Amino acid sequence: MRIGYPCINLSIGCKADRKFRLKSYSLQRLINTINNNLRCLKKILEYNTDHSILFFRITSDLIPFASHPICKVNWQKKFTHIFEELGTYIKKHEIRISMHPNQFTLINPIDQKIFRRSLKELRYHTEVLDLLELDSSAKIQIHVGGIYGDKSGSMNRFISRYQKLEETIKQRLVIENDDRGYNLKDCIQIHNVTEIPVLFDSLHHEIKNSGETLTEAFELFTKTWRKKDGLPMVDYSAQQSEQKKGKHAETLDTKHFKHFLRSTSPFDYDLMLEIKDKEQSALKAIKIAKQTKGKQLIPGTISDQP
DNA sequence: AGTTGTCAAGCTAGT
DNA sequence: ACTAGCTTGACAACT
């Protein structure tokens, strides 16, 4: 098991997701920003490995406007060597990488234009992971998408669009259960037709499920990951107490997390902590996981998948 | 320096 | 009809 956090590090004083307004776009501004972001990504990864944090979600803002028509620069070529260097570091330290395109990236919209824009966005994410020369265990997670007033029709549209995607995208794409439209059961149903792996989000599952316990849920989604996909990925967060549904907690709740680890102890998986204080909670979680019997953190022996 | 309006993109649910 | 929320504030123009 690896433990990690998404996109932003709050202790090291640089950000890999610097961006700017479309109105202030210039070639130089773009190049400067990409340089900053890639350099900072390296620093974050170094901080992480120094602290045994070996799972990280790379921000979608790494290359601003990458899929926008305004972006004419061949950033793939211009920054090849920096990507290669980053990729070498990631592989050397066995860091697990994921990306999560934003809510505008949709496979199943009725409007073809929205799908075409989303496709560009998926290509951009794929290119980043390809330039890092990472294998198919580096994943891009998205939700199933909209309902459009016809859930089964929209699921079928997801399936047929997915099946026609290029292999480079398909080998990295995974779907995540959400807290409104498509729960775990829906995702499993799509998996049964497409073989797409299902990434499990614990908070979304708490909010919207079909009655599965945590253990039952793990039995279902862990089976959707093949060997080439790597360990199953899990997004973990807890409800901010007394707050609105779905709001992420400010910091890791020790009690809730220990219970989560105990309930899922027969399984091996990589865990992404979606918690506001980012790496602080990751550090806390690693400490707790080390103390908890039955969890073996990488580096070290990895227990076989049940 | 501090404040405030706005930001590429979509969808859903709640007001 | 409008807005908050999503994975997440922060850029940029103003005082």
Side-chain angles (χ1 to χ4, degrees), chain A residues 4-10 13-26 29-30 32-33 36-37 40 44 55-72 97-125 139-151 153-155 157-158 161 174-183 186 199-204 207-208 233-240 243-250 272-279 281-282:
Chain A
Y5 61 97
C7 305
I8 298 166
N9 178 296
L10 299 171
C14 78
K15 300 174 68 23
D17 63 337
R18 292 296 295 271
K19 47 194 168 294
F20 50 87
R21 298 286 168 83
L22 184 56
K23 263 197 291 191
S24 28
Y25 180 93
S26 73
R29 180 88 189 249
L30 180 66
N32 291 349
T33 306
N36 168 83
N37 290 352
C40 183
I44 294 174
F55 188 17
F56 189 66
R57 183 186 300 164
I58 295 175
T59 174
S60 296
D61 291 324
L62 193 70
I63 314 290
F65 302 109
S67 72
H68 191 281
I70 201 172
C71 182
K72 294 287 196 318
I97 294 291
S98 67
M99 294 186 85
H100 193 339
N102 65 24
Q103 63 270 37
F104 305 112
T105 307
L106 293 156
I107 299 278
N108 75 348
I110 292 162
D111 186 345
Q112 283 282 348
K113 286 198 296 295
I114 297 168
F115 174 62
R116 275 201 297 274
R117 276 201 292 272
S118 299
L119 194 53
K120 283 187 180 167
E121 191 67 3
L122 287 174
R123 286 200 183 109
Y124 151 59
H125 285 79
K139 293 303 187 191
I140 298 168
Q141 61 188 96
I142 57 167
H143 296 288
V144 178
I147 307 282
Y148 308 96
D150 171 14
K151 191 167 173 181
S154 296
M155 280 168 81
R157 202 162 48 250
F158 179 96
R161 289 249 178 81
V174 301
I175 46 173
E176 174 190 348
N177 59 304
D178 68 78
D179 55 359
R180 297 193 200 173
Y182 298 94
N183 67 12
D186 301 322
L199 185 152
F200 181 71
D201 186 302
S202 68
L203 179 54
H204 293 164
I207 296 165
K208 189 169 165 53
M233 288 180 175
V234 175
D235 283 355
Y236 170 89
S237 178
Q239 198 84 241
Q240 172 122 249
Q243 290 276 336
K244 262 180 143 175
K245 270 179 143 186
K247 185 109 181 150
H248 284 177
E250 291 294 331
M272 180 66 64
L273 299 169
E274 295 190 327
I275 298 175
K276 290 248 182 279
D277 68 355
K278 302 288 176 183
E279 72 276 11
S281 281

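In what follows, chains are A, B, ... by sequence order, proteins preceding strands, each numbered from 1. Any value given below was found using the heavy atoms of this structure, including those in side chains, with hydrogens, waters and symmetry copies removed. Keep in mind that what you see is a predicted model, and the values were worked out from it rather than measured.
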Atom C1', compared across C/dT8 and B/dG2: separation rounded to whole Å
23 Å
How would you give the extent of chain A contacts on DNA chain B, as first and last nucleotide 5' to 3' within a 4.0 Å heavy-atom cut-off?
B/dG5 to B/dT12
Under the side-chain contact (heavy atoms from CB on, under 4.5 Å) criterion, do A/I8 and A/K15 qualify, and how do the steps go?
CA-CA 7 Å; A/I8 298 166; A/K15 300 174 68 23; 4.2 Å; yes
Quick check: do A/F55 and A/L273 have side-chain heavy atoms less than 4.5 Å from each other?
no
Check whether A/F65 forms a cation-pi arrangement with A/K19 (NZ or CZ under 6.0 Å from the six-membered ring centre, at most 45° off the ring normal).
no
How would you summarise protein contacts on nucleotides 10-15 of chain C per nucleotide, using B for base, S for sugar-phosphate only and - for none, with heavy-atom distances below 4.0 Å?
BBS---
Taking C-beta and beyond as the side chain, do A/L10 and A/E279 meet within less than 4.5 Å on heavy atoms?
yes
Residues A/L203, A/D179; criterion side-chain contact (heavy atoms from CB on, under 4.5 Å); working and verdict:
CA-CA 8 Å; A/L203 179 54; A/D179 55 359; over 6 Å; no
In whole Å, measure the gap between the C1' atoms of C/dC6 and B/dT3 for me.
27 Å
Do we get A/R157 above A/F115's six-membered ring, with its NZ or CZ under 6.0 Å from the centre and within 45° of the axis?
no
Check whether any side-chain N or O of A/N108 sits under 3.5 Å from a backbone N or O of A/G146 as a donor-acceptor pair, and report yes or no.
yes
Please work out which of the three classes, parallel, tilted or perpendicular, describes the rings of A/F56 and A/Y5, given edges at 30° and 60°.
perpendicular
Report yes if some heavy atom in the side chain of A/R57 is under 4.5 Å from a heavy atom in the side chain of A/M233; otherwise report no.
no
For A/I147, which contact category applies under a 4.0 Å heavy-atom criterion: base, sugar-phosphate, or nothing?
sugar-phosphate
Any side-chain heavy-atom pair of A/D61 and A/N37 under 4.5 Å:
no
Contact class for A/F65 (heavy atom, under 4.0 Å): base, sugar-phosphate, or nothing?
base
Where DNA chain B forms runs of at least three Watson-Crick or G-U pairs (i with j, i+1 with j-1, under 3.5 Å), the stems are B:1-7 with C:9-15, B:10-15 with C:1-6
Heavy atoms only, 4.0 Å cut-off, all strands: where does A/R180 land among base, sugar-phosphate and nothing?
base
